[in-house]
Amino acid sequence: MSTPLLTRDTVTPDDADLRVVQWVEQIAELTQPDAIEWVDGSTAETDRLTRLMVETGTLTRLNPEHRPYSFLARSDPSDVARVESRTFICSEREEDAGPTNNWVAPDEMRATLQPLFDGAMRGRTMYVIPFSMGPIGSPLAKLGVQITDSPYVVVSMGIMTRMGTVALRQITEDTEWVPAVHTVGAPLLAGETDVPWPCSDTKYISHFPETREIWSHGSAYGGNALLAKKSFALRIASVIARDEGWLAEHMLLLKMTSPRGRVFHLAAAFPSACGKTNLAMLKPTIPGWKVETIGDDIAWLRPGPDGRLRAINPEAGFFGVAPGTGVSTNATAIETLWGNTIFTNVALREDGDVWWEGLTDKAPDRLTDWQGNPWSPDSGTTAAHPNSRFTVAARQCPIISDDWEDPQGVVIDAIIFGGRRATNAPLVVEARDWEHGVFMGATVSSEQTAAAEGTVGELRRDPFAMLPFCGYNMADHWSHWLDIGQELRRGGRVPRIFQVNWFRKGEDGKFLWPGFGENSRVLEWILERVDGRVPAADSPIGWLPAEDGLNLDGLELKDGALQQLFDVNADSWLAETDDTQKFFDQFDGRVPAAVQKQLDVLRGRLTASKQ
Ligand code: OXD
Ligand code: MN
């Protein structure tokens, strides 16, 4: 079936795979755009789209003297974060989505979406974005094609993925590719003028794991709309990974070189807005160590032919949280943002540059806030939205690692799970073995941040930091991790697993640990453990640094802080194990026996420690 649109105006690339062309025709017929553009990924194209968006008011060009080739976007105030309550996993069977996902049967969801997508792109241009997650041609990479009616999404996808002709050429007759359809859900009637940030109150971010499709309606913000990121690289990829024997995880990747010159690679999972970008770009405060960045959000990990766990960053850019990223906290990120950056929902300075809370210690006297209103430090509001973002190419990072695009992936030496916990969780603890590590991942809990809608500060379970991102039953995800562990064990090279918490607070409500660059001390301990160079002390919850094990040279901690950072209070831990049991009970018997056993062993150890 072909539409007049395609035959009349559209330049369909000659080498486009027929399945892609037919799908594009089908979506055009459904959504009825005014025009169709196949995105080639060229600079000229980005240039044209950014000019267009400056004209329509979607983007403001920043002062090129301060921020060359950079733009500010202000979203609609109703469209500022991922909407987890509107995110759906539409597997055939409810139990395959599991209790931590919103489930709707695929037929029912299709019936709901059909009228919403019908004519949804009227008055707009439909863009076709072929993209590769992972270096082009890497055996670990995967392909997708996103259709969108938002030029902001096109330009952002161009930063976040390898987009355009290079990716389209990878799709041939037998290649698997994931189709992703996105509309802002705001058709324009003839003569109607557009708003700078079109969106709709009717939001659906829907995933069909069996058919590996994504359909998103109503939002143009971040993970709701840049479908390569959370929707593909985590939700759909986690399902593909389960079926193919690998892992798609919400993890940063970094390379560390020790003073002795040994190179390590780490993968670390943290819930959203817990400082992943800061950790990925850490400036060590301890002499001799070097940190280089590979990725700040997502890792795809697969046991390699040599039996070792290898990982790639499937993304090509950073979509980082701006507030809290500052000259004193993450100077590397600030350097990365020198230009070629899209800022969304930050404040605008009078000199045409940007500002957000935490960028500098002192706020400028006058700003325009993220909603376009005049702002001063007395306004009583934040100038930037707490979930305001920067979108920038990873290759602009001054400490990007030379192996960040290694098509074979980097070998992982250690895996870290973290959360934002005011109490209980120690600064660092090492798992006894892979199974114990899987238990640690399964029981991560963290205080909620502004990255998604919800009550900021509320403690919630966030297993593997994947709560909003696992495309299948979370308990099956733990079984899959156990299987991967077995495979790695057969190869004889199992990475060690650790849990960290930079956010523990003392009785005065203040953080006990300075964080940021000082976290290098914790990473040093982790890597010295991997290297077999430092002893550890047994505890009911795992291996803690032995007395004087952590390098605290030159660091002034408050009296008693160290003891509080590692305090294991058996009673509050036992209360937490009760809560964990309740959490496990939700999964109707799908929690793997090995994970349940870890909980029972932990309870036994805690009880014994009281005697
Ligand atoms: C992100 C998130 O944007 O986790 O990375 O919300
Ligand atoms: Mn994330």
Side-chain angles (χ1 to χ4, degrees), residues 73 75 79-87 100-101 133 152-153 156-157 159-161 203 205 207 216 219-238 247-254 267-281 293-300 311 313-325 330 333 336 341-346 356 384-392 394 416-420 441 444 446-456 460-471:
S75 80
D79 194 24
V80 291
R82 286 184 295 99
V83 280
E84 291 178 8
S85 58
R86 306 300 306 156
T87 300
T100 56
N101 279 315
M133 297 313 281
Y152 167 86
V153 167
S156 304
M157 286 277 289
I159 298 174
M160 296 304 296
T161 72
K203 294 186 172 40
I205 327 296
H207 307 78
S216 168
S219 168
Y221 206 89
N224 300 332
L226 313 180
L227 300 182
K229 193 172 177 60
K230 305 299 190 179
S231 286
F232 178 3
L234 289 174
R235 299 193 189 98
I236 294 294
S238 63
L247 299 163
E249 298 295 326
H250 191 204
M251 288 179 166
L252 65 91
L253 290 171
L254 59 81
F270 289 82
S272 304
C274 281
K276 293 231 302 280
T277 308
N278 289 344
L279 186 60
M281 298 180 186
T293 312
I294 298 175
D296 78 330
D297 196 39
I298 299 177
W300 286 357
N313 168 13
E315 301 190 278
F318 306 127
F319 179 66
V321 179
T325 308
N330 189 347
T336 307
T341 305
I342 299 179
F343 298 91
T344 307
N345 287 348
V346 301
W356 52 80
H385 186 277
N387 190 38
S388 53
R389 300 283 181 145
F390 51 79
T391 312
V392 67
I416 300 174
F417 294 112
R420 185 183 279 272
V444 167
S446 191
E447 290 150 26
Q448 167 115 28
T449 66
E453 93 281 30
T455 313
V456 173
R460 70 170 186 175
R461 293 278 165 180
D462 194 348
F464 285 78
M466 284 285 278
L467 180 75
F469 306 126
C470 188

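Remember, it's 1-based here, ligands and their atoms both numbered in the order they're listed. We count residues from 1, following the sequence as given. Just so it is clear, the model here is predicted, and its values are computed rather than measured.
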Discussion item. Tell me every residue that passes side chain to side chain donor-acceptor pair (under 3.5 Å) with Asp297, counting only those two or more places apart in sequence or in another chain.
Written reply: Lys229, Lys230, His250, Lys276
Fill in: Ile205 backbone acceptor or donor facing Thr87 side chain under 3.5 Å
no
Discussion item. Below the 2.8 Å mark, what number of protein N, O or S atoms do you get around the Mn ion (ligand 2)?
Written reply: 3
Practice prompt. Assess the side chains of Arg82 and Ser272: does a donor N or O sit below 3.5 Å from an acceptor N or O?
Written response: yes
Worksheet entry | Validation row: Phe390, Val346 side chains within 4.5 angstrom (heavy atoms) | no
Worksheet item: Checking Asp462 side chain against Val444 main chain: does a donor-acceptor pair fall under 3.5 Å?
Response: no
Ligand 1: which protein N/O atoms lie under 3.5 Å from its N/O atoms?
residue, atom, partner, partner atom, Å
ligand 1, 3 (O), Arg389, NH1, 2.9
ligand 1, 3 (O), Arg389, NH2, 3.1
ligand 1, 4 (O), Lys230, NZ, 3.0
ligand 1, 4 (O), His250, NE2, 3.3
ligand 1, 4 (O), Ser272, OG, 2.4
ligand 1, 5 (O), Lys230, NZ, 2.9
ligand 1, 5 (O), Asp297, OD1, 3.1
ligand 1, 5 (O), Asp297, OD2, 3.2
ligand 1, 6 (O), Arg82, NE, 2.9
ligand 1, 6 (O), Arg82, NH2, 3.1
ligand 1, 6 (O), Ser272, OG, 3.0

Practice prompt. Using modelled atom types only, decide if a donor and an acceptor are shared between the side chain of Thr293 and the backbone of Ala280 within a distance under 3.5 Å.
Written response: yes
Fill in: Donor-acceptor contact present, side-chain Asn224 to main-chain Ala81, <3.5 Å
yes
Worksheet item: Between the side chain of Arg389 and the main-chain N/O of Phe319, is any donor-acceptor distance below 3.5 Å?
Response: yes
Worksheet item: Listed by chain and number, what are the side-chain contact (heavy atoms from CB on, under 4.5 Å) partners of Ser75, not counting sequence neighbours?
Response: Val80, Trp197, Tyr221, Asn345
